[in-house]
Amino acid sequence: MRVLGLPVLLVLAWWAYSAVADNFYVPDPLRVVRAFADTWFGQRLLDDALPSVGRLAAGYVVATVIGVGLGVPIGLSARLRATAEPVLEFFRAIPPPVLVPLIMLLVGIDDSMKVLVIVSGCVWPILLNTVEGVRALDEVLADTCRMYGISRRHLILRGASPQIMAGLRQALSVGIILMVISEMFASSSGLGFTIVLFQRGFQIAEMWSGILLLGLLGFALSTAFRWLERRILFWHWSNRA
Amino acid sequence: AQEGGKDKVNAGVIAIVDTAPIHLGKAKGFFDKQNIDLTITAVQGGAASISGVVSGQFQFAFANTTSLLTAREQGLPLKVVANGVNSTGETGKDFSAVLVKGDSPIQSAADLPGKTVSVNQLKNIGDTTIRATVRKAGADPATIEFVELAFPDAPAALQNGRVDAIWVVEPFVSQAISQGARAVAWNYAEATPDLTVAMYFTGGDTDPDLVKRFTAAMNESLDYAQAHPEEAREILKSYTKIAPEVIAQITLPKWPAQVNRDSVQAIADAALGDGVLKNKADIAALLP
Amino acid sequence: MLEISGLKKEYGGREAVRELTFSLDRGELVCVVGPSGCGKTTLLRCVAGLLPATAGTVSVAGERVTGPPPNMAVVFQEYGRSLFPWMTVRQNVELPLKERRVPRERRERLVFDALAAVSLDDVPGAYPWQLSGGMQQRVAIARAIAYEPQVLLMDEPFAAVDAQTRAELEDLILALWQRLGTTTLFVTHDIDEAVYLGQRVVVLSASPTVVLEDLKIDLPAERDQLSTRALPRFADLRGHVYAQIQRAKGAR
Amino acid sequence: MLEISGLKKEYGGREAVRELTFSLDRGELVCVVGPSGCGKTTLLRCVAGLLPATAGTVSVAGERVTGPPPNMAVVFQEYGRSLFPWMTVRQNVELPLKERRVPRERRERLVFDALAAVSLDDVPGAYPWQLSGGMQQRVAIARAIAYEPQVLLMDEPFAAVDAQTRAELEDLILALWQRLGTTTLFVTHDIDEAVYLGQRVVVLSASPTVVLEDLKIDLPAERDQLSTRALPRFADLRGHVYAQIQRAKGAR
Amino acid sequence: MTRAIAYGAAGLAALLAVLEAVPRLGLVDARFLPPASEILAELGGLLGTAELWIALGETLRGWALGLAIAFVAAVAAGVVIDLIPGLRAASNSTIEFLRPIPSVALIPLATLLFGASLGSTLLLVVYAAFWQVLIQVLYGVADVDTVARDTARAYGLGRWSAIRHLVWPTALPYIMTGLRLAAAVAFILAITAELVIGSPGLGLEIQTAQSGGAVPTVYALVVLTGLIGIAVNAGVRMLERRVLAWHPSVRGT
Ligand SMILES: Nc1ncnc2c1ncn2[C@@H]1O[C@H](COP(=O)(O)OP(=O)(O)OP(=O)(O)O)[C@@H](O)[C@H]1O
Ligand SMILES: Nc1ncnc2c1ncn2[C@@H]1O[C@H](COP(=O)(O)OP(=O)(O)OP(=O)(O)O)[C@@H](O)[C@H]1O
Ligand SMILES: [Mg+2]
Ligand SMILES: [Mg+2]
């Protein structure tokens, strides 16, 4: 009841507003729901939603491999860290969307461009969190490993995993944003592209339905992520029952 | 709003070659003469200028024919007030072309089916006119794969072989040709004679007197630009970032004061056939 | 068995430990006490080969220590941080043996026995964070026992457990030591504890640290929380060490 | 001064404290000991009015307690969490007085005296985290003193400080209590500490909790860490309480 | 410390060297990736023009205004949600649903509602930054230590005193974290709005430079956004250091 109360209230407020204000840009919820069903239940789901999600997954995985792969050595070596830090800080500070034109120049306009745009944004939170996580490995635990001749591979990834997961979580929201942005340039399919197409064609209800779909996608992904995180970090204090 | 006897007007206009007349007209004082204090705001594309007009940010704006038809179809109360820009109508000497790499096997519009062609916006005037051109060349455009690529990015994509052909307008036509690209179709010129590519328009509830004065100033600007191409080239330096040596080379469009109704009708019909529009367009309601 | 001679440690030019020389015979249990910050942890980390000394040497069974020696186990004060939280109790105890490639059967035997010795054989599948502080420290002790070290080092292992658990753990250490005869160096700042546990008590001065006294504890070998602590001799020894440390602090 | 009668506390239907009845005269210092988890903290929170009792009453100076009474101060075990880390030592001590609208001059006097009493008058501008554990606990004590309570409650205040600091703080409490005569209820699980500090020691059973014994401590009023603890009578009392608690645990 | 700086400088130098060498050696067409020296020279030149500073001012205005609105709204919403019993549970699902909606999904809406103007930038910036701060505020106000709360009660602190002396300082580190995250996100969104919708600012400059095929200018502007990003981050960290002098994360360093 409580869980549903506020959303219901919000939808009602929307309804009331659309009925009273008769704003061209705020269609009533029923029309949006109808547009949602018409637009997304069918071919569009395969042609636009799936490729989007596929590119997001690909970019996310590549970013994870690069981020963790580079983050571990950088976190372990103080010298490497000192060398790389300013460069990393700089690249991280560049807003990923401005890289889109550059990436387009360098690799073209096909799917690899979109995946690369997603990678270029997702990799930083993962990389920096991995570096921090590895660097902040518990000293007592590290000493324990040395004393008992336990190889450090038992320690590094597991010990840094809470931080790495935090990075992955940030990367997920960055990834969704970049998925949309990459599709707003040089695209012929995808959720971002479709929404922009609706906007250009002034199909307002359809456009809202796309925004709604993106919301649902973001919500589903973050729910799935939380589930996964609970499984992986079952031992961490934040997940102890 | 009346201030010092002048109406303040904000116009949303894309910063491209096509819109030189309004900039020139402002510089020449044609708008002042009509008691209009004109501010020109650079916008990104047709959608931005249309929504700017609908939301009241702009009193007048510039958008291409297809965008206007689409918006009208969705029920937006737009009204054209002046012509914008026309094709020169001359194959080989227009401001819009489909280009291929110098060594490409594509020789003419008829070779385009089955190939990848870039346009700046899908479901807009570019793909509609290209399809019409291909049809006129006797081929079936259904198998052309259109992809979206902003004009500036297109020449590089063509060079790298990312696409088979690109549709661009000036200054990119001259630029790409000077770098070895070859034109295979002049889609504006070939699709329909004397195509009206874009127009100036306003929203539903603009003061009719103001509209009249704006139209007068605009028409004077168009005529002046048409008559003084060198001044039109010069004004480009003030609002675009096109290099001066390129400005000297580019082909300028035509700027007649009259909208070519037949060409608008032709575009509307072609768009209906391609599924860009769903219903038969009411041209009369849109045009003055 | 364990020889510390002329050990000196500077941190960034500041002398923390000036000169420590003492040794442990095979099978001895020696306690080290000293004021807070005098360098007890530093000493222990040098002995464990975790920290290079500035000067002087440590040797175990005649071998000079340069890195963690193979037959040495350490129980750290921070039990909460020395166990792997993502491993169960049994996995924690087993890991060093696995790394040493002890055959499976023998490994299981050792783990089982060690857990039984600390009365934790009923919770092998629990994770460290599901246990109380005292239980966690017992897991760390079990890990050390299962490792079968020749030398066992403990750094204030009971500093953070409550008094009752502490008494139990003290008796556990004594019982294990008597049974296994492991050479044990026990660092604490609790004088009572040092006197109660040790065969000898080494009293350190405040930093820069030297050995103030190497005191033989002449209490009966069999010790008991109530009767031993009630002995007048216990109060004597306690008072003696207390006075020494007060002196050490005052001299600072 | 402080009367606890028939106090009962259930947590979600589970009985934690069954029935506690005892009282403190004005100016008395009474220690409460009991096995871990027996409900000492629960008792104290009920007395402080921070937790409603399931049954029974607590009254202070004849007034029934329903919320935190105005003339009572509490020193919590977790000194690290009961000081506000964003305030300096002096601000921490001053805050309750400000809330009470004590005039500025008198407030400064009180804060200064309290800090002097715990020998912290040299660091009023320091933040809690710049102090050692023992010093932090002294700040908490200073805050309680400056508040000028009629009744002072302490919940295992020294559980987490090292033995030497602990001895010092114990003597500090004794000195302050003798000087100010505040009625004090001191909860601990350390039997030595209870016997050393208290005029009486109340021994609690394991949960569900009742009073096992209310023991008068017939040691000389003047106490001293070394000589008092070395007294045979001290060992007797200590042993007696220890046996009681063992019995309480066994009976569980 | 000086060693770290030396290593860092070496890292930057290596990056510049690579960026210089790659186009010069012809590994990448210099038209698409100009050498580093050319980019930096271009940047130097741009910094001398008034246009650039105006664009920069536009971007920073959108950023600062949006961030401020989002920050105030989120802190207020967070405190209200904490103060009114039951509201937290009631709003939980809504927040969890609205939060992951990528703010760029609103780009079409912003285009339609405000066109290419500050309004578009603000809509995107505020939406993106709001959630970052709100979530942190909610964590923060829920994190008040139970012992500290008992202390406040035992020593007779009133409701407002408790908020002022206990809840607010407790939540402050979280709020600062939220501010830091929000500042970065807001900057990204401000640039994105300019780039995609064409609101005035640095993003629009990049877009125009690109339309004119001025590749070195595009690179120079990208470098500039990176430098501003660093400055924004450093600025918030400095603020954090001042406000949270007592906090472990700050006092350690
Ligand atoms: N990593 C370090 N860098 C610099 N100084 C250090 C370091 N570790 C310890 N010290 C200093 O060396 C001295 C001894 O520290 P150590 O931790 O060995 O003392 P301790 O006897 O174990 O104290 P405690 O009883 O409080 O644990 C202290 O003055 C301390 O400040
Ligand atoms: N908030 C609570 N909810 C449920 N049970 C509780 C709660 N607080 C305490 N208990 C239970 O009540 C009993 C008494 O707890 P209390 O903390 O008072 O013990 P204690 O004597 O202070 O123990 P210790 O010496 O370990 O501090 C315990 O069994 C505990 O599990
Ligand atoms: Mg130590
Ligand atoms: Mg307790």
The interface call for D:Ala48 against chain E, heavy-atom contacts under 4.5 Å, is neither
I need the single residue from E:Val126, E:Leu179, E:Val185 that forms a side chain to side chain contact (heavy atoms under 4.5 Å, CB included) with E:Leu67. Which is it? E:Leu179
For D:Glu10, is there an ion pair with D:Arg14 - N to carboxylate O distance below 4.0 angstrom? no
Supply the atom-to-atom distance E:Leu181 CG to E:Met176 CE, rounded to the nearest 0.5 angstrom. 11.0 Å
Are E:Thr59 and E:Glu194 linked by a side-chain donor-acceptor pair shorter than 3.5 Å? yes
Highest number of heavy-atom pairs under 4.5 Å with chain E: which of D:Arg81, D:Arg100, D:Gln91? D:Arg81
Note, D:Gln130 side chain near D:Met135 side chain (heavy atom, < 4.5 Å): no
So what's closer than 4.5 Å to chain D heavy atoms on E:Leu172: side chain, backbone, both or neither? neither
Let me know if D:Arg45 has heavy atoms under 4.5 Å from chain E in its side chain, its backbone, both or neither. side chain
Best-contacting candidate, E:Ala154, E:Pro169, E:Ala148, against chain D by heavy atom pairs under 4.5 angstrom: E:Pro169
